[in-house]
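Here the structure is laid out as structure tokens; the discussion comes afterwards.
Protein chains get the first letters and strands the later ones, always in sequence-line order, with residue 1 at the start of each.
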Amino acid sequence: MNKYRSNTCGELTKKNKGSEVVLSGWINKKRDHGNLLFLDLRDNYGITQCIIDKENKFFKNLEKIQLETVIKIVGEVVERSPDTINKDIKTGEIEIKIKSYEVLGACEELPMPVFSDQEYAEDIRLKYRFLDLRRKKVHENISLRSKIISFIRDEMTKLGFLEFQTPILTSSSPEGARDFLVPSRLNPGKFYALPQAPQQFKQLIMISGFDKYFQIAPCFRDEDARADRSPGEFYQLDIEMSFVEQEDVFFVVEKLMLLLFKKFSTKKMLFEKFPRITYKDAILKYGSDKPDLRNPLEICDLTSIFTREDVKFEIFKKLVKSGSIVRAIKTTNTKDKPRSFFDGIDKWAKDQGASGMAYFTIENDKEISAKGPVGKFFSANSIKEIMKIMKANIGDSIFFSCNKEKEVLKLISSARDKIAQELKLINENSFAFCWIVDYPMFEIDENTKKIQFSHNPFSMPQGDLSKINFSKPLEIKAYQYDIVCNGIELSSGAIRNHKPDLMYKLFSVVGYSKSEVQKKFKGIINALNYGAPPHGGIAPGLDRIVMLLANEKNIREVTLFPMNQNAQDLMMDAPSEVDEKQLKELGLQIKKK
RNA sequence: GGGGGUGUAGCUCAGUUUGGUUAGAGCGAUCGCCUGUCACGCGAUAGGUCGCGGGUUCGAGUCCCGUCACUCCCGCCA
């Protein structure tokens, strides 16, 4: 028998009664009755109640012992009387009558309690992450993360995928996010970059003939954090396959997601077959390329209404004349909602920096009319036309946003979420996956007005490759897709462009010469010349998958040792200053501010 | 880089709107009482740079200015 324990704290039942056991764990909680002490011992597997009374010579010492001290106890398993059984824990029908104990790891006064459901300030949790991780919820989240990863590995292997590791020290690439740079000692003045994703490597793996690859891949991007975005590093389930079309990738990912989400959650899957929505439709109907399909509200374009003679809403008409658009959301049978509901939405829109949201409710008082602050500007015929476009009925309400397209989309997509929340239209107990497909290959950069890749420069354009019209690049669509769940973008992927000549042409559209492409993407472009198979893949964000399955809104709740919003590790004190000697070796000098 | 929120005992928070005697509560800690609790109970004690700096005032936790930390959002994230 192991010297520390014969059993864990989660496994003893009345079947073990009478036996002498050795348990080790943390003191979760004490209940001191003066001459009788209850002591809950906790380990990874559960909690066992231990008991000692004043007859025992160790009693006085155990009475004084600090919570969270690690101790080993020797004792006898005793069945509890029926009225003292605790149904909330697995070991609740027994307790351990302590014979002796030994301190294995002493504990000072705690900076934060472990046994408590209270919430704590983030900096204390992060500084004492090892204490935070002992707490039930985070402990379970991190265990869940491990089980999810094992399950994924298992299923991917069953599907015939091979798992490989790709380099962490690699080269900086000009596209995408800001790189983390690592100075090279052996090559002074030169830098490695940490990979933003193993994009080129996974394609090189296909060109190397491995056919199907996956990796739980660390990715590094030096961008600012959000609640659902760790600063610095995160993990992707990186997948790449050879000789595939878009549908082959979808098949694998849909299968995996269905298995995964059904195994680890009881929430309902709204779609067994994930809907495919084109990028264009998604922007029109949801104002976003990551729509929450649990939300039934849809957006319609009403710009044409504001060119009509019989509509007198001059503010919107003037804006439309100068190039603005109008998008609207219909809410069903909201005629009896209080004024505060409508004004609340308007105020919310103003808080978002918009000029507000116009609205009216459709009534039929002898004649069709619109009720609300701007209702009087609409003729009966124009209201009928709106009802036709929006499939609206009497008693429904319409919310309008009018602005330049980009601003309208920003407001109306969040208004769609806000209104649905207010009306409680979202079924929180469900998952709604969808695919967003047919992304444009190129877009115009708002600031520079220059043309650029809208997603991934390595994506394959759609259509007959010999007939692509490079003079109208904005019309070129790509085999580029995103998978979205409950409004969260889990991943984007693409069928890759494996034809070097086509690659040069596409890069020339954004102003890269052939030699520049050869220099910047040396690894992949060179390899494409030596027999590259058609291939494609995807890379779902692992942290976000765990967040969805653990029902958490913040990525730190599913990350073992997270950094704070300023990308600092408060426990390890990173980043930190380094010795002058280290800098010298690297040929670096810190510029004083 | 910009905007919002928060900052008071080891921890969680009240007090700030309307400035006024000695800044409170629960948990935790320490001491005492208690043999069936599982958020045990009861009593007592200790514990405070009200984030920091400056200002207004007879008087500032409270008002003003600045600054720092944490957090949420925008920008950014192919």
Side-chain angles (χ1 to χ4, degrees), chain A residues 28-42 47-56 59 63-64 66-68 78 80-89 91-92 95 97 107-128 131-132 173-179 196-197 199-200 219-234 351-353 407 410-411 414 439 441-443 445-447 452-459 478 480 482 489 492-494 507 510 521 539 541 553-554 556 563-566 568 570:
Chain A
N28 193 57
K29 189 72 187 166
K30 286 187 300 183
R31 289 174 295 281
D32 187 356
H33 290 236
N35 294 314
L36 177 73
L37 173 69
F38 295 98
L39 193 151
D40 293 336
L41 200 64
R42 182 195 75 240
I47 287 177
T48 301
Q49 174 167 286
C50 305
I51 185 166
I52 188 167
D53 67 21
K54 64 177 178 187
E55 304 305 320
N56 189 305
F59 178 75
E63 245 191 331
K64 299 293 170 210
Q66 269 282 352
L67 295 184
E68 294 304 309
V78 180
R80 293 199 207 183
S81 66
D83 56 316
T84 61
I85 285 175
N86 183 350
K87 291 194 179 68
D88 297 332
I89 56 175
T91 61
E95 62 196 11
K97 194 162 190 295
C107 181
E108 294 179 2
E109 188 178 343
L110 296 164
M112 57 177 279
V114 171
F115 175 68
S116 167
D117 290 329
Q118 266 177 0
E119 308 240 4
Y120 303 99
E122 207 72 33
D123 37 0
I124 289 168
R125 292 183 59 190
L126 294 184
K127 185 172 175 191
Y128 296 97
L131 292 179
D132 195 32
S173 77
E175 297 284 322
R178 200 177 290 115
D179 280 322
Q196 296 181 22
Q199 179 63 38
Q200 290 192 54
C219 304
F220 305 89
R221 295 177 192 175
D222 187 5
E223 298 293 352
D224 289 353
R226 289 288 183 276
D228 64 347
R229 203 165 82 202
S230 288
E233 52 188 82
F234 61 97
D351 289 344
Q352 301 295 303
E407 273 71 41
K410 206 171 121 186
L411 182 71
S414 15
Y439 275 82
M441 190 87 213
F442 300 101
E443 66 184 14
D445 185 299
E446 287 289 324
N447 301 319
Q452 61 178 18
F453 288 107
S454 68
H455 243 87
N456 185 323
F458 304 123
S459 299
Q480 169 84 47
D482 274 12
E489 182 193 325
S492 53
F507 268 98
V510 299
F521 305 101
K553 296 249 180 309
N554 193 299
R556 288 185 295 269
M563 296 200 281
N564 70 9
Q565 196 167 42
N566 296 322
Q568 298 159 339
L570 300 177

Worksheet item: When you match A/N456 and A/R556 each to their closest nucleotide on RNA chain B, which lands nearer the 5' end?
Response: A/R556
Fill in: Euclidean distance, atom CG of residue A/D123 to atom C1' of B/G10 [Å, nearest integer]
14 Å
Item to complete: Determine the interplanar angle of the A/F521 and A/F458 rings, folded into 0 to 90°, and report it as parallel if under 30°, tilted if 30 to 60°, perpendicular if over 60°.
Response: perpendicular
Item to complete: Using a heavy-atom cut-off of under 4.0 Å over every strand shown, decide if A/E119 touches base, sugar-phosphate, or nothing.
Response: sugar-phosphate
Practice prompt. Taking atom P in both B/U56 and B/G10, compute the distance separating them and give it to the nearest angstrom.
Written response: 32 Å
Worksheet, complete the sentence: A/R226 atom CZ is separated from B/G75 atom P, nearest whole Å, by 7 Å
Discussion item. Can you see if the side chain of A/Q118 gets near the phosphate of B/C27 - specifically, an N or O under 4.0 Å from OP1 or OP2?
Written reply: no
Discussion item. Over all strands shown, is A/N566 touching base, sugar-phosphate only, or nothing at heavy-atom distances under 4.0 angstrom?
Written reply: sugar-phosphate
Item to complete: Give A/D117 one of three labels, base, sugar-phosphate or nothing, depending on what nucleic acid heavy atoms sit under 4.0 Å from its own.
Response: nothing
Discussion item. Using the C1' atom as the point on both nucleotides, what is the distance between B/G47 and B/C27, in whole Å?
Written reply: 14 Å
Worksheet item: Under the 3.5 angstrom rule, does the side chain of A/Q452 hit a backbone N or O of A/V510 as a donor-acceptor pair?
Response: no
Response to the item:
For B/G66, the nucleotide meeting Watson-Crick or G-U wobble distances (both under 3.5 Å) is B/C52
Worksheet item: Considering every strand shown, what is the Watson-Crick or G-U wobble mate of B/G1 when both distances are under 3.5 Å?
Response: B/C74
Practice prompt. Enter the distance from A/N35:CG to A/E55:CD here, rounded to the nearest 0.5 Å.
Written response: 8.5 Å
Fill in: Under 4.0 Å protein heavy-atom contacts per nucleotide of nucleotides 33-40 of chain B, with B for base, S for backbone only and - for none
-BBBBBSB
Discussion item. Give me the distance, rounded to whole Å, that separates B/G19 from B/U12 when you measure between the P atoms they each carry.
Written reply: 30 Å
Worksheet item: When all nucleic acid strands are considered with a 4.0 Å heavy-atom cut-off, which category describes A/P111: base, sugar-phosphate, or nothing?
Response: sugar-phosphate
Item to complete: Write down the distance separating the C1' atoms in B/A23 and B/A69, rounded off to the nearest Å.
Response: 23 Å
Item to complete: Confirm from the modelled atom types if A/R229 and B/C76 form a donor-acceptor pair under 3.5 Å, side chain to base only.
Response: yes
Item to complete: Round to a whole Å and report the spacing from CG of A/N554 to P of B/C70.
Response: 15 Å
Discussion item. I need the CG-P distance between A/L570 and B/C70, as an integer number of Å.
Written reply: 7 Å
Worksheet entry | Salt-bridge present (A/K29, A/D40; N to O < 4.0 Å) | no
Discussion item. Any side-chain N or O of A/K64 below 4.0 angstrom from OP1/OP2 of B/G32?
Written reply: yes
Worksheet entry | Gap between atoms CD and C1', on A/E108 and B/U30 respectively (whole Å) | 16 Å
Worksheet item: For the pair made of CD in A/Q568 and P in B/A69, what is the distance, rounded to whole Å?
Response: 8 Å
Practice prompt. Tell me the partner of B/G10, counting only Watson-Crick (N1-N3 plus N6-O4 or O6-N4) or G-U wobble (N1-O2 and O6-N3) with both under 3.5 Å; none if nothing fits.
Written response: B/C27
Discussion item. Taking only the P atom of each, what is the distance from B/G26 to B/C33 in whole angstrom?
Written reply: 22 Å
Worksheet item: What do the steps show when you test A/D132 against A/M112 for side chain to side chain contact (heavy atoms under 4.5 Å, CB included), and what is the final call?
Response: CA-CA 8 Å; A/D132 195 32; A/M112 57 177 279; 3.8 Å; yes
Item to complete: Could you measure between the two P atoms, the one in B/G15 and the one in B/G1, and give it in whole Å?
Response: 34 Å
Worksheet entry | Gap in Å between the two C1' atoms, one belonging to B/A25 and one to B/G48, rounded | 15 Å
Worksheet entry | Atom-to-atom span, CG of A/D228 to C1' of B/U71 - whole angstrom | 14 Å
Worksheet item: With respect to the side chain of A/L67, which nucleotide from B/C11, B/A29, B/C76 is positioned closest?
Response: B/A29
Worksheet item: Between B/C27 atom C1' and A/N28 atom CG, what is the distance in whole Å?
Response: 15 Å
Worksheet entry | B/U45 versus B/G5 - spacing of their P atoms, nearest Å | 40 Å
Practice prompt. To the nearest 0.5 angstrom, please state how far the CE atom of A/M441 sits from the CG atom of A/N456.
Written response: 7.5 Å
Worksheet entry | Pairwise distance OG1(A/T48) to CZ(A/R42) - rounded to 0.5 angstrom | 12.0 Å
Fill in: First encountered from the 5' end of RNA chain B, between A/Q196 and A/M563
A/M563
Item to complete: Indicate yes or no for a side-chain donor-acceptor contact from A/R80 to the backbone of A/I85 under 3.5 Å, with no hydrogens or angles considered.
Response: no
Fill in: Salt bridge flag under 4.0 Å for residues A/D53 and A/K97
no
